[in-house]
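Shown next, in structure tokens, is the structure this report addresses.
A note on names: the letters A, B, ... follow the listed sequences, proteins ahead of strands, and every chain is numbered from 1. Scope of the values below: all heavy atoms of this structure, side chains included, with no hydrogens, waters or symmetry mates. All figures in this text were calculated on a predicted structure; none of them were measured in a lab.
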2 protein chains.
Amino acid sequence: MNWLEFRPMEICTEDRTNACTEVAERAWVQLIRAHRSTLSKVERALRAADLPPLEWYDVLLELERGGPLRPRDLQDRLLLAQYNLSRLIDRMASAGVVERERCSEDARCQWVRATPKGEALRKSMWPIYAGAIREAVQSKLTPSQARQIGDLLERLSSCPATCG
Amino acid sequence: MNWLEFRPMEICTEDRTNACTEVAERAWVQLIRAHRSTLSKVERALRAADLPPLEWYDVLLELERGGPLRPRDLQDRLLLAQYNLSRLIDRMASAGVVERERCSEDARCQWVRATPKGEALRKSMWPIYAGAIREAVQSKLTPSQARQIGDLLERLSSCPATCG
DNA sequence: TAAATATATATGCACTTGCATTGAATGGAG
DNA sequence: CTCCATTCAATGCAAGTGCATATATATTTA
């Protein structure tokens, strides 16, 4: 839809019938805010250190942990969109930090693995990344609070099947 | 830096000396995951309903709450980058949902206000937005947990001055 | 086995974002 | 009052993102 053409039609009344919705709403707003606030700092720290964006770290870490993975696997683990991941791997392959390899069993698939250069890059990103996390999280929360928030946030990204 | 040219140099050892860092790290990872998981769903729901992105709602809500605001004010409240907000207001003004007005006291500034059309748009977005929040948050957390997570997340986006 | 359906990945295109910079106006120091 | 540093906002350009779709292969169905 072209938003230049928006015309108001139906005025829906707001439905905030119970407190349950209000706390959920507040949690939502704070999630957005916390994310905007912290992520931008971390990304800036990486850029300032002439390092690539966060996703590179995430991909490299998954690949080092899990041996070669298919893009599809990375997609699930990192919650990235298929087309974004495809191009992210393009860029990382161009930079020589990952390699694609044909998958013999299923020609639709491919194996992606980190190169030694990729592992070195990930390691060189870690101090900056860790520092930014310390700044963004550790300086604002006690260890107990951090543990708690980790637990609660995990529920938000869990799939419906497992958490009801 | 051009990442096509990256060459590994210094291999920094990872520094995870204490459990404090580990919980902070986990909180960080879960924050990213929760955000990716929930935001994409909400944005998709809005798109599917032929509605503009989330930021439009946020801007309109702030404007309705706080009377006309300067872009600078919105920037602080919504934690958006200056250049992004500038163009967001461009788009919203083109769509006729906000208006810019010259500020007489300070010619650098401007007042941005929601038009009736803008208010109608915000109201029409709310049911979709609320439904998506219910789906993303309310279905995964008890009210008590939602309240708790709201409190904890708020600390993450608070400025250093106020939270030490 | 042929056809239909499903899965894994890539890509054209329009739009959005980030960085760096610019332009304009204000406020303060000398 | 003039110069300079600061603040508010806009913009050119390169890069990233989302949608829709394309391409290729695998799996299921008839």
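Nearest nucleotide to the A:Arg87 side chain, out of D:dG12, D:dT17, C:dT26: D:dT17. Here the nucleotide nearest the side chain of B:Tyr83, chosen from D:dC8, D:dT11, D:dA10, is D:dT11. In the set D:dC19, C:dT9, D:dA10, D:dA10 carries the atom at the smallest distance from any side-chain atom of B:Ser86. Here D:dG18 is the nucleotide among D:dC8, C:dA10, D:dG18 with the atom lying nearest to any side-chain atom of A:Ala81. Which of C:dT11, C:dA8, C:dA10 sits closest to the side chain of A:Arg70 comes down to C:dA8. Considering only side-chain atoms of B:Arg91, the nucleotide from C:dT17, C:dT11, D:dT7 that sits closest is C:dT17. In the set D:dC19, C:dG18, D:dA10, C:dG18 carries the atom at the smallest distance from any side-chain atom of A:Arg47.
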Just do the side-chain contact (heavy atoms from CB on, under 4.5 Å) check on A:Leu74 and A:Leu80 with the steps written out, would you? CA-CA 8 Å; A:Leu74 283 167; A:Leu80 296 174; over 6 Å; no
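Under the 4.0 Å criterion applied to side-chain N and carboxylate O atoms, B:Arg70 and B:Asp106 are not assigned as salt-bridge partners. Using a cutoff of 4.0 Å between basic side-chain nitrogens and carboxylate oxygens, B:Arg33 and A:Asp76 are not scored as salt-bridged.
Each of A:Leu85 and B:Glu55 lies near DNA chain C, and the nucleotide nearest A:Leu85 is the one positioned closer to the 5' end.
Across the protein-nucleic acid pair, B:Asn84 atom CG and D:dC8 atom C1' stand 16 Å apart, rounded to whole Å.
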